[in-house]
2 protein chains.
Amino acid sequence: MSKNPEPLRLDALQAACASCNLRELCLPMGLAPEAVERLDDLIGLRRRVRQGELLFDAGAPFEALFAIRSGFFKTTIGTEDGREQVTGFQMSGDLLGLDGIGPGRHDVRAVALEDSSVCVMPFASLERLAVDLPDLQRSLHRFMSREIVRDHGTILMLGTLRADQRLAAFLVGLLQRLSRRGYSSQALVLRMTRDEIGSYLGLKIETVSRMLGRLQDEAVIAVHQREVSVLQPERLRRLAEGAD
Amino acid sequence: MSKNPEPLRLDALQAACASCNLRELCLPMGLAPEAVERLDDLIGLRRRVRQGELLFDAGAPFEALFAIRSGFFKTTIGTEDGREQVTGFQMSGDLLGLDGIGPGRHDVRAVALEDSSVCVMPFASLERLAVDLPDLQRSLHRFMSREIVRDHGTILMLGTLRADQRLAAFLVGLLQRLSRRGYSSQALVLRMTRDEIGSYLGLKIETVSRMLGRLQDEAVIAVHQREVSVLQPERLRRLAEGAD
DNA sequence: CGTCTCCTTGAGGTTGGTCAAACCAGGTGG
DNA sequence: CCACCTGGTTTGACCAACCTCAAGGAGACG
């Protein structure tokens, strides 16, 4: 079933960015309408990725960047000896594949955590187009740079925070990004398992579970399976900032 | 003393990249000679940074990228509440400031760990030039992407390795980069303090000291103050890979 | 020779990991 | 409708790794 070729879909040929409500969050951010139109031409197709399927694997040749239209992904990095870690979670408007530009191969593996759809932007064309459109160039730079900044945040988290603080930082970060997309900033549904959260935070699943339990005991959050709601936003934020 | 303006130096006006022995490691990597020449024009000046001095501070407006000609830097990220962490160490041929492109302000603070000299590349000019020189564009992308990949490595290290393995990974990484620059791959002089190593690795100084001691006891390395030499490269490498 | 910074070493405590068992929600099939 | 299975999650007891606190050593510099 998972090997079935995706049947051609009507929307695969629709105009993209110009009518996309993620315009102001995604790569075309701040571009002039004509520029957006040319970017549209470049986006040959959309691709659907079902929950659990790979968008791309680590080591695969890098050919395109992917902009998430809808859905949710995780990226993981692995080593020969079997160590594996989640490096991030991506949602609508985020770009996937930036790490492949340098080496020409993907550095991470991208897996859909729910049924998703992405815009495929062949990188060679994108680079060519960017020569004509300095704004596009700048936007691309901004996205790469933002990825670096985000990674620095992750490094700081892993290097300096305790387990409960990491969890708080994780929740605060997710909520922030969700609220920018119009969702509540008080409640969310986790798209990933405890195990994946743990991998991202450098913790074991048992610790994740215990810390969620503790935060709940202290009435900072309420947890029901994958639904989390924040009861004391201020306290959660302070925890995430490293306050004792 | 540290506030003295640097006296004008002759070499501040010399042609740069074309005659630089870091050409094949640095931004001009793989560029055609004409392109290198135009890049040279752009590099208005060099800047010397003494040991302990800031190249730029976090939050400062981003105006230029810096290519390290000689010397050694650390970059640190900090938060209001005083947490601070080293995000990386940079040596000749490395680019500093990439994280500032997106937000328009530097995300990290760059401090020289020894007397250093950098090429200043005003970013606005660089971006303009890159429109004319697709190869330069590509090189810039490669560097940004490489930074992302490097950060992923750091994340993996912080998330999955034990203290001794982190230290091994740190040493292996440094040695690799040094050997690419013509230095020995068996021995090195640490440019940073134990404290800075610990900050980078997410460990306390005492743990760094103990782990260095342990690796020495097991005759994997020999340590004399800041000089480290590798006695069993293979074992060190395996440790760094996460082998038990 | 004193002082400063950086580093090492030891004793004891805390955090998070390991191992093992049980739980729970959602599906499947009788 | 219920028994059973499955994957994901929770919980407890125990332990190892790392941190904290405190003391002392070693080199550099005035």
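Chain letters run A, B, ... following the sequence lines, proteins first and then strands; every chain starts at 1. Please read these numbers as outputs of a predicted model, since none were measured by experiment.
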Touch class at under 4.0 angstrom, heavy-atom based, for R166(A) against every strand present: nothing
Distance, rounded to the nearest Å, where E227(B) contributes CD and dC7(C) contributes P: 13 Å
Side-chain donor/acceptor contact of R226(B) with base of dG27(D) under 3.5 Å: no
Closest heavy-atom pair and its distance - D99(A), D107(A): OD1-N, 3.0 Å
Sugar-phosphate only, base, or nothing, as touched by G198(B) at under 4.0 Å among non-hydrogen atoms: nothing
Between P of dC23(C) and CD1 of I205(A), the distance in whole Å: 17 Å
Q225(A), nearest nucleotide to its side chain (from dC7(C), dA25(C), dG16(C)): dA25(C)
Atom-to-atom span, CG of L203(A) to P of dT18(C) - whole angstrom: 11 Å
Closest to the S209(A) side chain, choosing from dC7(C), dT10(D), dG16(C): dT10(D)
T193(B) side chain near dC6(C) phosphate (N/O to OP1/OP2, under 4.0 Å): no
Donor-acceptor contact below 3.5 Å, side chain D57(A) vs main chain R109(A): no
d(NZ, K204(A); P, dG12(D)) in whole Å: 21 Å
Ring-ring centroid check F56(B) F66(B), cutoff 6.0 Å: yes
R181(B) charged N/C atom sitting above Y183(B) aromatic ring, 6.0 Å / 45°: no
Quiz item: E206(B) side-chain donor-acceptor pair to dC21(D) base, under 3.5 Å: yes
Integer-rounded Å distance: dT14(C) P and D244(A) CG: 13 Å
Nearest-Å distance for atom pair NE2/C1', residues H224(B) and dG25(D): 16 Å
For atom CZ of R191(B) and atom P of dC6(C), their distance in whole Å: 16 Å
Sugar-phosphate only, base, or nothing, as touched by L212(A) at under 4.0 Å among non-hydrogen atoms: nothing
Phosphate contact (dG16(C) OP1 or OP2) by R210(A) side-chain N/O below 4.0 Å: no
Phosphate-side-chain proximity, T207(A) and dG17(C), N/O vs OP1/OP2 below 4.0 Å: yes
Whole-Å distance separating the CG atom of D217(B) from the C1' atom of dT9(C): 12 Å
Touch class at under 4.0 angstrom, heavy-atom based, for R162(A) against every strand present: sugar-phosphate
Near-ring test F73(A)/F89(A), centroid separation under 6.0 angstrom: no
